[in-house]
Amino acid sequence: MKIKNLKFKIKPRYFPQEIEPYWQKVWKEQGIYKFSPASHKASRGKYYNLVELPYPSGDLHFGHWFSFVPADAHARYKRMSGFNVFFPNGFDAFGLPAENAAIKRGVHPKDWTMKNIENMTKQFGTMGTMIDWNFTAITCLPEYYRWNQWIFLKMFEKGIAYRGKALSNWCPVDQTVLANEHIENGCCWRCGAEVIQKEVEQWFLKITDYADKLIWSENSRVVDRQPRFSNDARSSFPKKQSQTRSLSESLSSNFKNKPNKSATAFNSSQSELTPSDQNNQSSINNQQSAVDWPKEVREGQNNWIGRSEGMLLEFKIGEAKASIEVFTTRPETTDGATFLVVAPEHEFVTSLLNIKDKISNIKYKGILEYVGGAKKKTEMERKEDRTKSGIFSGAYVKNPVTGKDIPVWVSDYVLAGYGTGAIMAVPYADERDREFAEKFDLPITETKFNAKPKGKKRVNYHLRDWSVSRQRYWGTPIPIIYCHNCWESKLKIKNEKLKIEYGRTYIEMDGQEYAMVQVPLEDLPIELPYDVDYTPKGKPPLGTDEEWLNVKCPKCGGPAKRDAETLDTFFDSAWYYYRYVSPKYEKGPFDKLRVKELLPVDVYFGGAEHTVGHTLYARFFTKFFKDLGLVPFDEFASKRVQHGVILGPDGNRMSKSRGNVVSPDEVVKEYGTDASRLYLCFMMPYEATAPWSTSAISGIYRFLKRVWDLQYEIKNKKLNIKNGLSKEDLSQMHIAIKKVGEDLENFHFNTAVAALMTWLNFLSAKKEIAKEEYETFLKLLSPFAPHITEELWHSLNPSDNSIHLESWPKFDSKYLVADKVSVVVQINGKVRDSIKIKNQKSKIKSYVEEEARKSGKVKRYLEGKEIKKVIYVEGRIINFVI
RNA sequence: GGGCGAGUGGCGGAACGGUAUACGCGAUAGUCUCAAAAACUAUUGACCGUAAAGGUCUUGAGAGUUCGAAUCUCUCCUCGCCCACCA
């Protein structure tokens, strides 16, 4: 494709503000970044380059630039290397900020969001990326969330989506659940009432069903994110035992924590993943077997899932038939259990308070007070308060091993949501239990670690089921209808057994019984009504819209009610990268064939904050889709790359309240897009966190000006464009080609730019420069600075294609070696001299040794000394041990 | 408390068993200029040598392995991120 309408008048001064918008417009008109799914058959294969989709907060900030720009440079490099690169983007458009803004400023969440999307899309334009916006997803549009609802119904059918109860932040005055960010100092942000923890019924996704599948096994491919040292032992599995044990470990684990025998199970087979030179890159693409996620993510997720195997033990209450069930990972210590501790929310405590006449009044008050206090504690307060607190319940249970009666205590150091909400305390063996025992003067008896109590084996997870319903307006409506008539007519009788049997599709609300009826797939989407009072009113906003709420039951036609809650936005973002491949697809959430063609994602860029949130949910959805037969692979992304953070110039996180926000718009206005892009790539390693530096970007700007001036001089014949290249010229060029390419391949953007600077320093110092050098330089720079390179490319070759359609230059190893190598001479490991040796002769140790001995400095050190040993590393170093 | 990671010039960082401080910023001196900015040139880890030559030290602290360690091992210190009473 030829680019027409070229103006190639050479301007003496680099003026990015003029050329950048020009080329952005030309690229758009010419469609040079259009992705065609079919064309990868002719190329080296597809390459799905994905960046976490942004939330449309209003303005693009440097956080966005830092996620997208290096990712774009990588994508451009991949494209020039012959891959059919798919680089889409969209917006994660539902969520609380829109509602907050709406309440604060009186703008409708939808209008606010869509306006932000429009603005940010424009701002994306100035970033100069190769994103193809024909493939996109905006999650707040019915054409997208329709498929959220579809997926939700599939999950409901499979029993993955269910109604359950969990503790939530509750405002007793507003009668509503509160988000953490809506709690200020333990009080509701609107009415100021004290927030309590309350059991609230809500929708859950049974992610725990997939817990085992989500654990990264030791057998999964483990590669350092940036495999610089392919045969280095450091990239093998960690020797220290992490908190979460792997499956095999857990099976064989015992209380004494045997050393992990499988620690050395693998550490080889990495060479093929070492980034590739130009000839073997394609082999790792599109193969599910090569899953390469950073260690910190894999271990973070495994710890979060927290699989532990143990036992359920029953402790009988006195002589009664009732008992308290505890979960323990160390049943062999049961002989040392001297008391039980239950969570304040435990049903034993609740029932205790219901039969208050059986215990003394004072005691009852104390327990009631303690439980009430615990419920008031927000998560933050519990974190701050590290001293153990608790109260004796007045009850005793029988230790099943010793037969002794032991007291039952209530304490909030036991969590209601984990295990059974009750533990047996073994103060002899457990530090927390000992601390508690010492504080309340409870007995500590030795355990022999060989008790064998009777109980059921049980696997427990730290991971909880995912609560997905929200009492908010700006989200996906849940496609369930509650019908009283269906329940009555279907079952005719009220029968407790049936209720249990049909529990999954039966619900009680406000004293009424309902059947849960799915919205038929053909009725989707259930559109979010526009005119709704979304200010907090004691119930979910959609619950106030009677017209929308009351519907005919799709089953019986009788009066029924919609579910008034909306889905967590993490639901939206758990599968958007599937929608990207076929955004207009009508027959399902995505085109299965297209997905098979383009997924898994080859590289997924994003922030470290999503280690145990978003990326885990996305993996969960993928495994669910696989079970539905929608996708043929287990992992949605073959590689994950996490970036760091750009801080404000003062070293703090950029925030409006600190007044340290650097705006991309202004930096672009002053230095241009290319300088901003290059700066972000250059200033620090991609995964690092470092402050913005205004003076450093002016240095980058200087670099681009020098690139520009090189051209100016060529055109004015100040420099001759010669044809022949010296060996040194060739060597410098091929070193740069190799270094920049490998660094782009491995996400070492900063050193790639440094290599370009080094080569420019070399080129600038020369009297003459070759056209080949100049063109190669522009190509190597083009992924970072697409505008200036395009402009200069066309001023040199006015009728040519876009530089971005050129191929990546190839290096030839034969140019990488210089004529002479310098060999460092060491005496006992200390550098004393450096000698030049002809390349061919550097292979001969005796020759190098002889040359080294000739050096005056070396002579002085060797005089009168006995040489024990001479170590020679070819072409690098010679060490005399004396 | 747990997990993960990081400590290298004045600053961002490079090197990841083989010449530590690449590249950039900043700083100093010079050229140009009425002057400034910009640009260009030179110097720039510390110390001794007031110049040159030369030497000594230096990658958070200490030990170890090695002919050779910023890099590998151990102990300790500091900082960052994530999670947090997980039985």
Original post:
Which part of the nucleic acid, if any, lies within contact of N761(A), taking any heavy atom under 4.0 Å across all strands shown: a base, the sugar-phosphate backbone alone, or nothing?
Top reply: sugar-phosphate
Subject >> Salt-bridge present (R307(A), E309(A); N to O < 4.0 Å) >> reply: yes
Original post:
Looking at rG13(B), rC85(B), rA15(B), which one has an atom nearest to any side-chain atom of T751(A)?
Top reply: rA15(B)
**OP:** Please state the C1' separation for the pair rU71(B) and rG17(B) - nearest whole angstrom.
**Re:** 7 Å
Original post:
E849(A) has an atom CD; how far is it from atom C1' of rC67(B), in whole Å?
Top reply: 13 Å
**OP:** State which of rA87(B), rC25(B), rC83(B) makes the closest approach to the side chain of S695(A).
**Re:** rC25(B)
Original post:
With sugar-phosphate meaning primed atoms plus P, OP1 and OP2, does D433(A) contact a base, only sugar-phosphate, or nothing at under 4.0 Å between heavy atoms?
Top reply: nothing
**OP:** May I ask you to decide if the ring planes of F570(A) and H610(A) are parallel, tilted or perpendicular, using 30° and 60° as cut-offs?
**Re:** perpendicular
Original post:
Checking all strands, does V881(A) fall into the base, sugar-phosphate, or nothing category for heavy-atom contacts under 4.0 angstrom?
Top reply: sugar-phosphate
Subject >> Interatomic distance at P, rG80(B) relative to rU28(B), whole Å >> reply: 33 Å
Original post:
Mind checking who rC85(B) pairs with, Watson-Crick or G-U wobble, both distances under 3.5 Å?
Top reply: none
Subject >> Aromatic plane relationship, F605(A) with F747(A) - under 30° parallel, 30 to 60° tilted, over 60° perpendicular >> reply: perpendicular
**OP:** Check every strand shown and say whether S834(A) touches a base, only sugar-phosphate, or nothing at a heavy-atom separation below 4.0 Å.
**Re:** nothing
Original post:
Would one find a side-chain N or O of K830(A) under 4.0 angstrom from OP1 or OP2 of rG18(B)?
Top reply: no
Subject >> Sole candidate of T328(A), T333(A), V401(A) that passes side chain to side chain contact (heavy atoms under 4.5 Å, CB included) when paired with P453(A) >> reply: V401(A)
Subject >> Lys/Arg-Asp/Glu bridge criterion (N-O < 4.0 Å) met for E435(A), K439(A) >> reply: no
**OP:** Take atom OH of Y872(A) and atom C1' of rG68(B), then tell me their distance rounded to the nearest Å.
**Re:** 16 Å
Subject >> Span that lies between the C1' atom of rU44(B) and that of rC25(B), in whole angstrom >> reply: 13 Å
Subject >> 5'-most by nearest nucleotide on RNA chain B - N879(A) or A688(A) >> reply: A688(A)
**OP:** Determine the contact category for S411(A): base if any of its heavy atoms lies under 4.0 Å from a base atom, sugar-phosphate if only primed atoms, P, OP1 or OP2 are that close, otherwise nothing.
**Re:** nothing
Subject >> Base-pairing assignment for rA39(B) (Watson-Crick or G-U wobble, both under 3.5 Å) >> reply: rU31(B)
Original post:
When all nucleic acid strands are considered with a 4.0 Å heavy-atom cut-off, which category describes V831(A): base, sugar-phosphate, or nothing?
Top reply: sugar-phosphate
Subject >> For rG80(B), the Watson-Crick or wobble counterpart (both distances under 3.5 Å) >> reply: rC4(B)
Subject >> Of the listed nucleotides rA87(B), rC4(B), rC40(B), the one nearest the side chain of R706(A) >> reply: rC40(B)
Original post:
C1' atom, rA36(B) versus rU31(B): distance in rounded Å?
Top reply: 15 Å
**OP:** May I ask which nucleotide in the shown strands pairs with rG62(B), Watson-Crick or G-U wobble, both distances under 3.5 Å?
**Re:** rC74(B)
Subject >> R434(A) CZ - rC85(B) P separation (whole Å) >> reply: 20 Å
Subject >> Nucleotide paired to rA53(B) in any strand shown, Watson-Crick or G-U, under 3.5 Å >> reply: none
Original post:
Given the C1' atoms of rC85(B) and rU78(B), what is the spacing between them in whole Å?
Top reply: 27 Å
Original post:
Taking OH from Y679(A) and C1' from rG12(B), how many angstroms apart are they, rounded to a whole number?
Top reply: 7 Å
Original post:
Is R702(A) near enough to rG24(B) that one of its side-chain N or O atoms lies under 4.0 angstrom from OP1 or OP2?
Top reply: no
Subject >> Between rG13(B) (P) and L647(A) (CG): distance, integer Å >> reply: 10 Å
Original post:
Taking the chi torsion of rG9(B), is it syn (within 90° of 0) or anti (everything else)?
Top reply: syn
Original post:
For the side chain of L415(A), counting heavy atoms from C-beta on, which of rC85(B), rG12(B), rC25(B) is nearest?
Top reply: rC85(B)
Subject >> Watson-Crick or G-U wobble mate for rC67(B), both contacts under 3.5 Å >> reply: rG18(B)
**OP:** Taking atom C1' in both rG3(B) and rG12(B), compute the distance separating them and give it to the nearest angstrom.
**Re:** 28 Å
Original post:
With under 30° as parallel and over 60° as perpendicular, where do the rings of F749(A) and F784(A) fit, or are they tilted in between?
Top reply: perpendicular
**OP:** For the side chain of S308(A), starting at C-beta, report the closest nucleotide among rG12(B), rA87(B), rA84(B).
**Re:** rA87(B)
Subject >> side chain to side chain donor-acceptor pair (under 3.5 Å) evaluation trace for E52(A) with H614(A) >> reply: CA-CA 10 Å; E52(A) 282 168 4; H614(A) 161 65; 4.8 Å; no
Original post:
Using a cut-off of 4.0 Å on non-hydrogen atoms, how would the nucleic acid contact of A608(A) be classed: base, sugar-phosphate, or nothing?
Top reply: nothing
Original post:
Which comes earlier along RNA chain B counting from the 5' end, the contact point of I700(A) or that of R876(A), where each point is its nearest nucleotide?
Top reply: R876(A)
Original post:
Within the pair K869(A) and rG68(B), is there a side-chain N or O less than 4.0 Å away from OP1 or OP2?
Top reply: no
Original post:
When rounded to the nearest Å, what value does the distance between C1' atoms of rG9(B) and rA70(B) take?
Top reply: 14 Å
Original post:
Given atom CD1 of I697(A) and atom C1' of rG12(B), what is their separation to the nearest angstrom?
Top reply: 14 Å
Subject >> Check: rG3(B) base within 3.5 Å donor-acceptor of E296(A) side chain >> reply: no
**OP:** Starting at atom CD1 of I877(A), determine the distance to atom P of rG68(B), rounded to an integer number of angstrom.
**Re:** 12 Å
Original post:
Salt bridge check: are E742(A) and K738(A) linked by an N-O gap of less than 4.0 Å?
Top reply: yes
Original post:
So which nucleotide does rG24(B) pair with, by the Watson-Crick or G-U wobble rule with both distances under 3.5 Å?
Top reply: rC11(B)
Subject >> Value in whole Å for how far the P atom of rG13(B) lies from CG of L678(A) >> reply: 17 Å
Subject >> N or O in side chain of Y418(A) less than 4.0 angstrom from rA87(B) OP1/OP2 >> reply: yes
Subject >> Nearest-Å distance once atom C1' is located in both rC76(B) and rU21(B) >> reply: 26 Å
**OP:** Name the nucleic acid region contacted by P685(A), choosing base, sugar-phosphate or nothing; use a 4.0 angstrom heavy-atom cut-off, strictly under.
**Re:** sugar-phosphate
**OP:** Quick one: label T758(A) by what it contacts on the DNA or RNA (base, sugar-phosphate, nothing), any heavy atom closer than 4.0 Å.
**Re:** sugar-phosphate
Subject >> Geometric class of the W409(A)/F440(A) ring pair [parallel <30°, tilted 30-60°, perpendicular >60°] >> reply: tilted
Original post:
Looking at N750(A), does any N or O in its side chain come under 4.0 Å of the phosphate oxygens OP1/OP2 on rA14(B)?
Top reply: yes
Original post:
When the ring planes of Y14(A) and Y701(A) are compared, do they come out parallel, tilted or perpendicular, using 30° and 60° as the limits?
Top reply: tilted
Original post:
NA contact type, G699(A), heavy-atom cut-off 4.0 Å: base, sugar-phosphate, or nothing?
Top reply: sugar-phosphate
